[in-house]
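As structure tokens, the structure follows; a few thoughts come after it.
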Amino acid sequence: MKFKPANHIQDLQYFGEFGGVNPSISDSSTYTFLSAKTMFDTFEGNADGCYLYSRHSSPSNLYLGKALAAMEGTETATVTASGMGAITAVLMQLCKAEDHIVSSRTIYGGTYAFLKNFAPRFKVSTSFVDITKLDLVEAAITSKTKVIYCESVSNPLLEVADIEGLAEIAKKHKLKLIVDNTFSPLSISPAKLGADVVIHSLTKFINGSSDTVAGVICGTQEFIDNLRNVNDGACMLLGATMDSLRAASVLKNLRTLHIRMQQHSKNASYLAQQFEADGLKTVYPNLSSHPSHTLFKSMMNAHYGFGGMLTIDVGSLEKANALMELMQERNLGYLAVSLGFYKTLFSAPGSSTSSEIPEEEQKEMGLSNGLIRFSIGLDADIERTYKMMRECMMELNILKPTVQETAL
Ligand SMILES: Cc1ncc(COP(=O)(O)O)c(C=O)c1O
């Protein structure tokens, strides 16, 4: 039977301390103990249900973590102050000096910069590969490799990782497969396909209101306990802790994620089909022209579609910039990085979110200057949005009017 992540979220029942429909927010950095012995046991990690200090855990953060673990189908989860706080903690926990990582070469620019520029300071090296080619992934593994890292749907090129295939390789070589699932919450459940650790930047679709940065790490109880260990846990010691007030607000937004993802996907799918029919070079996993369309279909859970992200290539950075500025002027969305907002967001990744990747490498991976990344919003009337976007494209000579349009 297929996994149904939204049911798992819905089935969680929490009451606030005073019977409220939302759990009460834990507004404390430190917690009292009735006996010194229990405090000692808590430090040792042996006192379930007790709280020590909010960098370690707090009731509000545990509620949110529990809900996200239910969504991903993992034993448990821990929330962090940002997506990067989750990614860096996981990698630092799993790798030590002289270790090696095999990573997809098309990943979020910040993750790329961390692996390429920061991790080598700790003698952790990374080979970047085309993640869609399993033979290249396996060939990059050395005796020092500890981790395979990828995004289920990659930022910004929307390459799709064969998670089951990668999990098989990881298992064979005794590596951990870490999957960043930020672009495809609910649609893809990486842990169900064999990933060891699933990460999200909650900043994006899951929170959905572009009012905070936040992250989560979903995995086994043992791994999450290790991350929180007071002596050598990366979450505990690096300190990227989520604030309780934020945890409470992200939890409330999570409750509507399934409805939002359906609308994001429906709108993005409509626009992608129209743009492609107009002759624009369009990338969206629901298009049969997408090289991994069938793979995505084979991995996806029912109901949530192919996600809210699409790209088009308008030929040059100048044209891309002019189009984005005009669309913003016409109130079709915002010229802004990030994703998952109720309104459409667009940016040119080559000069923004992926600018950490050197130009030569961008070219090699197919990240062209004219590429615009769209996070499609929750527009109620997507046909109207399309018509207005098309008008912008015609004004800028990105699209030519059809014979009928010319005759009008
Ligand atoms: C796929 C992906 N992972 C991780 C991150 C980093 O998340 P945050 O900005 O919450 O630190 C981003 C941010 O854009 C992202 O797109």
Side-chain angles (χ1 to χ4, degrees), residues 64 68 72 77-92 101 103-116 118-119 128 131 147 149-161 163 178-188 190 195 197-218 234-235 238-243 246-247 249-250 253-254 261 264 283 285 307-311 334-341 345-357 365 367 371-376:
L64 177 60
L68 291 162
E72 287 298 353
T78 191
V79 294
T80 54
S82 69
M84 284 309 295
I87 292 163
T88 52
V90 167
L91 293 172
M92 297 300 272
I101 295 169
S103 168
S104 165
R105 61 182 186 173
T106 65
I107 47 173
Y108 166 59
T111 314
Y112 178 88
F114 175 76
L115 291 171
K116 177 107 179 175
F118 203 96
F128 295 97
I131 204 74
V147 161
Y149 184 91
C150 69
E151 294 171 1
S152 29
V153 179
S154 79
N155 182 359
L157 293 176
L158 310 182
E159 284 180 353
V160 179
I163 298 170
I178 303 172
V179 179
D180 177 339
N181 198 28
T182 300
F183 273 33
S184 44
L186 300 180
S187 299
I188 296 180
V197 180
V198 183
I199 290 172
H200 282 275
S201 165
L202 302 176
T203 315
K204 312 294 158 43
F205 289 105
I206 291 180
N207 186 54
S209 48
S210 291
D211 56 2
T212 189
V213 285
V216 68
I217 303 160
C218 306
C235 282
L238 299 178
T241 309
M242 187 187 285
D243 182 74
R246 274 305 179 195
S249 72
V250 176
N253 288 0
L254 177 67
M261 284 319 295
H264 283 300
V283 176
M309 303 302 294
L310 67 88
T311 69
Y334 294 123
L335 171 48
V337 298
S338 201
L339 41 134
F341 195 39
L345 304 178
F346 30 79
S347 56
S351 54
S352 60
T353 47
S354 297
S355 56
E356 295 91 339
I357 303 171
M365 61 177 72
L367 208 171
L371 196 81
I372 303 177
R373 186 189 76 178
F374 286 78
S375 164
I376 303 300

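Everything numeric in this text was worked out from a predicted model, so none of it was measured. We count ligands from 1, going down the list as the structure has it; atoms in each ligand are counted the same way.
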Legend entry - Option nearest atom 12 (C) of ligand 1 (shortest heavy-atom distance, choices His200, Lys204, Glu151, Met309): Lys204

Inset, instruction - Considering only non-hydrogen protein atoms, determine which one is nearest to atom 7 (O) of ligand 1 and report residue, atom name and distance to 0.1 Å. - result: Ser201 OG, 3.0 Å

Inset, instruction - Could you tell me the separation between the OG1 atom of Thr106 and the CG atom of Leu367, rounded to the nearest 0.5 Å? - result: 9.0 Å

Legend entry - Check: Asn207/Arg246 side-chain N/O donor and acceptor closer than 3.5 Å: no

Inset, instruction - Around atom 2 (C) of ligand 1, find the nearest protein heavy atom and jot down its residue, atom name and distance. - result: Asp180 OD2, 3.4 Å

Inset, instruction - Identify the protein heavy atom lying closest to atom 5 (C) of ligand 1, giving its residue, its atom name and the separation to 0.1 Å. - result: Tyr108 CD2, 3.5 Å

Legend entry - Selection from Thr203, Val337, Leu339 by shortest heavy-atom distance to atom 10 (O) of ligand 1: Thr203

Inset, instruction - Around atom 11 (O) of ligand 1, find the nearest protein heavy atom and jot down its residue, atom name and distance. - result: Met84 N, 2.8 Å

Legend entry - Value rounded to 0.5 Å, distance of CG in Asp211 from CG in Asn253: 6.5 Å

Legend entry - N/O donor-acceptor pair under 3.5 Å between Ser154 side chain and Glu159 backbone: yes

Inset, instruction - Measure from the side-chain N and O atoms of Thr203 to the backbone N and O of Ala214, and report whether any donor-acceptor pair falls under 3.5 Å. - result: yes

Inset, instruction - Examine distances only and state if a side-chain atom of Thr80 and a backbone atom of Gly215 form a donor-acceptor pair shorter than 3.5 Å. - result: yes

Inset, instruction - Evaluate the ring planes of Phe205 and His264, with Trp represented by its six-membered ring, and classify them as parallel (under 30°), tilted (30 to 60°) or perpendicular (over 60°). - result: perpendicular

Legend entry - Region of Ala214 engaging ligand 1 - heavy atom pairs below 4.0 Å: backbone

Inset, instruction - Report the nearest protein non-hydrogen atom to atom 8 (P) of ligand 1: residue, atom name, distance rounded to 0.1 Å. - result: Gly83 N, 3.3 Å

Legend entry - Nearest atoms (heavy-atom pairs only) where Ile206 meets Pro185: CG1-CB, 4.0 Å

Inset, instruction - Decide whether the shortest distance between a heavy atom of Ile87 and an atom of ligand 1 is less than 4.0 Å. - result: yes

Inset, instruction - Identify the protein heavy atom lying closest to atom 16 (O) of ligand 1, giving its residue, its atom name and the separation to 0.1 Å. - result: Asn155 ND2, 2.9 Å

Inset, instruction - State whether the shortest distance between N or O atoms of Thr111 and N or O atoms of ligand 1 falls below 3.5 angstrom. - result: no

